[in-house]
Amino acid sequence: MATDIPTEARSDRPGRTDRRGRTDRRGRTDRPDRTDRRADALRPARLRPRDVVKVGAVGLRTRPLRAFLSALGIAIGIAAMVAVVGISSSSRADLDRSLAALGTNLLTVSPGSTMSGGQARLPETAEEMVARIGPVYSVSAVGKLTGAKVYRTDKIPEAETNGIAAFAARTDLRSTLGAKLRAGSWLNGATSTYPTTVLGATAAERLGIGQVGPDTQVLIGGRWFTVVGILEPAPLAPELDTAALVGWRAAETELYFDGRPTTIYTRSQDSAVESVASVLGATANPEAPGEVEVSRPSDALAAQQAAGEAFTGLLLGLGAVALLVGGVGVANTMVISVLERRAEIGLRRSLGATRGQIRTQFVAESQLLSALGGAGGALLGATVTAGYALSQGWPVVIPPWALLGGLAATLAIGGLAGLYPALRASRLSPTEALAMP
C-alpha cells in the first residue's frame, strides 16, 4: 500500500525542486533568473553592415528628388576632376606617341647673335662639318629666302603676305625630319632644279590650295613656281608649316640665294644626343661657336606639355571647389532631413536605439548620398574624356588613381558633411523628439 510522502520530503531528493523555486541539495533553482532575461531584452540589438546600409537608404528612398539634386553637386565636381585629369593624360599619351614616331634625337643648329647684337650667319661649310660628327647619321638644311614673298596671284597687294616665308630646302630634308606628305610628291634631284615648290600645311590653307598639279602655281619672289606637293603638319619643325619650300639649286638660279643655310637639322644616335649637342656649336662655326644656337625641338614640345599641366592644375582647383560646394549641399540636405524626421528619431530612441546607432544612421545616409554622386560623376567624367579624346584622335587614358581618388574624396566629404547632422540627431531625447511638431 502506497504511503503519501510529504512535499517537503520529496523536495529534498536530489534533482527535484518544489513549486516555490527553492533550491535542492545541489544548490540549483527551479527557474532562471528573471533579471538576466530583462537585461537581455533591454540590451539594444547590434546593427550589421547590411542593416546600416538599409537604414541609411531610407531617407534617400523617401526623398528621391532632393537626394538627386544634392548628389548632383558632388557629381559635377567629380566629373570635372576626372575629365580634366583624363583629357590631360590622353593629350600627354598622344604627345608621347608622336614623339616616339618622330624621334627625340633631332637637333637643330641656327645662327644666333653677334657680339655687337647683329644677326650672325652660319658658314657655307657648316653643313658638311656637322655631317662629320661620328654619332650623327642624317643631316639636312634649309636656307631662308629673305626677299622672296609668296602670293597666290599677282593681283594681291604686296603687304598681304599671310605670314608665309620662302625657304631653299635640301632634297633629304623630308627624310631627316620624318615629315609626311598630304598631297603630291617631295622635291627630288630633277624637280629641285626647276621652279617647283612644296607648301607647308598652314601655308597651303592660307593660299587656298588643296590639290597639286601642273596648273597650280604660286608667285615666289616675282617668279611663278608650280606646286608639286603639300606637307602634313611637322611638330618638330613648326616653322615649315608656314613655308614654301623650293629646291636648293632653283633658289640659287631663280631667287638669288647665297647658298648659306639658316637652319641645320641633324639626327644622331639616341645615346649620344647630349654629347652631340655639346659639340654642335663649335663644329658648325669653329671661329665663333658662341654665335650658334643649338636646340632640341622635342624639349619645346615637353615645355608646351608642362604649360598644359599647369593649366590642368588650375582646372583641378576649380573641380575641387565644385566638389566642396557639393559637400555643403549634402550637409544642408542632411540638416533638413534631421529636422523633418525628429518624430522618427524619437520613435527609434523610445524603442531602444542608442545614440551611436542614430549617429551611424545619418552618417551612413550622408555617405550613401555622396557615394551615389561620386559614382555618377566618375562615370560622367570618363564618358566626357573618352568622347573628347576620340574626337581628337588621341588614345583614351583615364588614370585609375583619378577614379579611386574621386570616390575616396566623396566618401570623406560625405562623412564630414553628415557628422554635424548626425550628432544633432543623436542628442535628441525621445520625449523631446516626439513632442516636437
Side-chain angles (χ1 to χ4, degrees), residues 95 97-111 122-145 165-193 196-203 228-252 257 259-281 283-285 292-302:
L95 175 63
R97 183 176 63 179
S98 299
L99 290 178
L102 297 173
T104 58
N105 59 349
L106 179 68
L107 296 172
T108 64
V109 179
S110 57
L122 292 176
E124 294 182 3
T125 59
E127 191 176 352
E128 298 177 0
M129 295 295 292
V130 169
R132 296 180 181 179
I133 300 176
V136 174
Y137 61 84
S138 180
V139 178
S140 190
V142 296
K144 188 172 184 179
L145 307 175
F167 287 88
R170 297 291 190 185
T171 55
D172 56 359
L173 177 65
R174 177 171 169 265
S175 60
T176 300
L177 293 178
K180 296 181 180 180
L181 283 168
R182 177 181 296 175
S185 60
W186 178 247
L187 300 171
N188 54 42
T191 57
S192 63
T193 61
T196 58
T197 181
V198 174
L199 300 177
T202 305
V228 295
I230 299 175
L231 291 175
E232 292 282 1
L236 296 183
E239 65 275 6
L240 301 184
D241 292 341
T242 56
L245 303 172
V246 300
W248 204 274
R249 293 285 304 275
E252 292 176 339
F257 177 48
R260 289 177 177 268
T262 54
T263 303
I264 299 175
Y265 302 94
T266 70
R267 291 278 189 180
S268 56
Q269 298 175 6
D270 294 339
S271 58
V273 171
E274 300 298 333
S275 59
V276 170
S278 64
V279 300
L280 268 178
T283 304
N285 191 353
V292 179
E293 293 184 356
V294 178
S295 64
R296 190 175 181 180
S298 57
D299 292 341
L301 292 179

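The structure displayed is predicted, hence computed values, not measured ones.
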Can you give me every donor-acceptor pair (side chain of residues 235-252, partner residue at least two apart or in another chain, under 3.5 Å) with its distance?
from: Glu239; atom 1: OE2; to: Tyr265; atom 2: OH; distance (Å): 2.5
from: Asp241; atom 1: OD1; to: Ala234; atom 2: N; distance (Å): 3.0

Item to complete: Report the C-alpha separation of Leu173 and Val142 in whole Å, then their side-chain angles, then the decisive distance to 0.1 Å, and conclude whether the side-chain contact (heavy atoms from CB on, under 4.5 Å) test is met.
Response: CA-CA 8 Å; Leu173 177 65; Val142 296; 3.4 Å; yes
Worksheet entry | Thr262 side chain vs Lys144 backbone, donor-acceptor pair below 3.5 Å |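 Checking the backbone N and O of Lys144 against the side chain of Thr262, a donor-acceptor pair under 3.5 Å is found.
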Practice prompt. Check whether any side-chain N or O of Thr283 sits under 3.5 Å from a backbone N or O of Val130 as a donor-acceptor pair, and report yes or no.
Written response: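 Not a single qualifying donor-acceptor pair exists.
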Discussion item. Within the structure provided, determine whether Leu199 and Thr197 are in side-chain contact (heavy-atom separation under 4.5 Å).
Written reply: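 Contact flag for Leu199/Thr197 side chains = yes.
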Worksheet entry | Side-chain touch Leu181/Leu231, heavy atoms, less than 4.5 angstrom |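 The answer is yes, as the side chains (C-beta and beyond) meet within the 4.5 Å cut-off.
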Closest heavy-atom contact between [X] and [Y]?
| X | Y | value |
| --- | --- | --- |
| Ser278 | Ser275 | OG-O, 2.5 Å |
| Ser185 | Val198 | O-CG2, 3.8 Å |
| Pro261 | Ala141 | CB-CB, 3.9 Å |
| Val273 | Arg296 | CG1-CZ, 3.8 Å |
| Ile230 | Gly200 | CG2-O, 4.4 Å |
| Leu145 | Ala168 | CG-N, 4.0 Å |

Worksheet entry | Sequence neighbours excluded, every pair satisfying side chain to side chain donor-acceptor pair (under 3.5 Å) that has a member inside residues 130-143 |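 Sorted pair list: Asn105-Tyr137, Ser138-Thr176, Ser140-Asp172.
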Item to complete: Can you sort out the partners of Glu232 under side-chain contact (heavy atoms from CB on, under 4.5 Å), two or more places apart, ordered by chain and number?
Response: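 With sequence neighbours excluded, Glu232 shows a side-chain contact (heavy atoms from CB on, under 4.5 Å) to Lys180, Arg182, given in chain and number order.
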Going by the rule side chain to side chain donor-acceptor pair (under 3.5 Å), which residues pair with [X] if we only count those two or more places apart in sequence or in a different chain?
| X | answer |
| --- | --- |
| Glu128 | none |
| Arg170 | Glu127 |
| Thr171 | none |

Item to complete: Give the C-alpha distance, both sets of side-chain angles, the deciding distance and a yes or no for side-chain contact (heavy atoms from CB on, under 4.5 Å) between Val136 and Leu107.
Response: CA-CA 10 Å; Val136 174; Leu107 296 172; over 6 Å; no
